[in-house]
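Here the structure is laid out as structure tokens; the discussion comes afterwards.
Computed from a predicted model, the values in this text were never measured in an experiment. Atoms within a ligand are numbered from 1 in the order they appear, just like the ligands themselves.
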Amino acid sequence: MNKSEQFRQSVLNQIEQACQLVKRDPSTVQLLAVSKTHPSQTLREMYTVGQRCFGENYLQEALTKIDELQDLDIEWHFIGHVQRNKTKHLAETFDWVHGVDRLIIAERLSNQRLENQKPLNICIQVNIDGQNSKDGCQSNEVLELVHQISQLPNIRLRGLMVIPAPENYAAFIDAKALFDEVKSQHAQPQDWDTLSMGMSADLEAAIAAGSTMIRVGTALFGARDYSNIS
Ligand SMILES: *Cc1c(COP(=O)(O)O)cnc(C)c1O
């Protein structure tokens with residue numbers, strides 16, 4: 001087993017154990033490999049051992065890797081902060097965008113998605129624990145945003161994304177409650193299937209609370225070296 005395979009298997013085991021504890025089927029938790037700062041070759045290795053979904057935070061870095069890995073059928077997720085003037089590249093290059101927190105961003109993504117592409121999958125980012133320095137809409141804005149975003153033609157609204165403060169596990173429970181509340185009122189509940197929460201340090205708690213997609217970097221690739229990023 002090479003290092004990529006070892007690390008990935010160990011995270012898959014963690015997922016399985018976390019699911020067992022709360023009697024969930026492990027196939028209901030997707031593993032998104034967060035590959036920011038890591039070179040294309042590392043992603044290629046992770047792909048070779050079975051990983052298909054990768055998450056990136058920095059647009060320029062991501063575009064380079066997407067280009068270098070064109071030969072692989074990777075599903076690309078943008079999990080960074082979405083700037084209004086960067087939506088065109090996101091709309092044209094990614095399969096998913098997790099950090100949508102305003103209608104204008106969703107509208108731009110919808111307008112800029114190309115004719116021949118499938119609708120862009122998005123999650124609404126919620127500032128679930130009300131930290132004022134963080135991105136994300138407020139919880140009480142979510143239902144209205146869902147209503148508005150659901151009507152956009154080139155967008156497939158899939159669910160919520162949260163990044164609570166470290167060890168604030170109660171925030172995972174709040175996110176799940178909000179996720180369920182939206183689902184019960186959603187016009188297309190079958191499309192509302194993604195609760196993106198949990199990272200290397202807190203994936204068990206996130207899974208226990210109902211996460212359907214954990215975003216894992218460090219546990220899969222080791223520590224990050226940000227000096228590679230311009
Ligand atoms: C970097 C990042 C992660 C991965 O964090 P790790 O602690 O390395 O697993 C997950 N989600 C987001 C939004 C990130 O920016």
Salt bridge (charged side-chain N to carboxylate O under 4.0 Å, His left out), that's the test. Do Asp193 and Arg158 meet it? Break it down for me.
CA-CA 6 Å; Asp193 59 5; Arg158 301 295 292 270; 2.9 Å; yes
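- Atom numbering of ligand 1 starts at 1 in the shown order; those under 4.0 Å from a heavy atom of Thr218 are 6 (P), 7 (O), 8 (O), 9 (O).
- Between Met199 and ligand 1, no pair of N/O atoms sits closer than 3.5 Å.
- Heavy atoms of Val34 found under 4.0 angstrom from ligand 1 belong exclusively to the side chain.
- Within the 4.0 Å heavy-atom shell around ligand 1 one does not find His98.
- Using a 4.0 Å cut-off between charged nitrogen and carboxylate oxygen, Glu61 and Lys36 do not count as a salt-bridge pair.
- Taking only non-hydrogen atoms, the option from Ser200, Ala201, Ser35 nearest to atom 9 (O) of ligand 1 is Ser200.
- Each of the atoms 4 (C), 9 (O), 10 (C), 11 (N), 12 (C), 13 (C) of ligand 1 lies under 4.0 Å from some heavy atom of Arg215.
- Ligand-side atoms of ligand 1 in range of Lys36: 1 (C), 2 (C), 3 (C), 14 (C), 15 (O), range being under 4.0 angstrom from any heavy atom.
- Ion pairing between Arg44 and Asp71 holds under the 4.0 Å rule for side-chain N and carboxylate O.
- Which parts of ligand 1 touch Val216 is read off a 4.0 Å heavy-atom cut-off, strictly below it: atoms 9 (O).
- The local environment of CD in Gln190 is crowded, with over 12 non-hydrogen atoms from other residues, nucleotides or ligands closer than 6.0 Å.
- Contacts with ligand 1 closer than 4.0 Å are made by heavy atoms of both the backbone and the side chain of Ile79.
- Within the 4.5 Å cutoff, side-chain heavy atoms of Glu68 are placed close to those of Thr64.
- Taking every non-hydrogen atom of Ile163 and a distance limit under 4.0 Å, the qualifying atoms of ligand 1 come out as 13 (C).
- Within the listing of ligand 1, atoms 14 (C), 15 (O) sit less than 4.0 angstrom from a heavy atom of Asn57.
- Residue pairs meeting the ring pair (Phe, Tyr, Trp, His ring centres under 6.0 Å) criterion with at least one partner in residues 173-223, sequence neighbours excluded, are His38-Phe221, Phe179-Trp192, His186-Trp192.
- Counting only heavy atoms from C-beta outward, the side chains of Leu152 and Glu107 approach each other to under 4.5 Å.
- Scored by the side-chain hydrogen bond (donor to acceptor under 3.5 Å, both in side chains) test, Arg224 finds Tyr226 as partners (sequence neighbours excluded).
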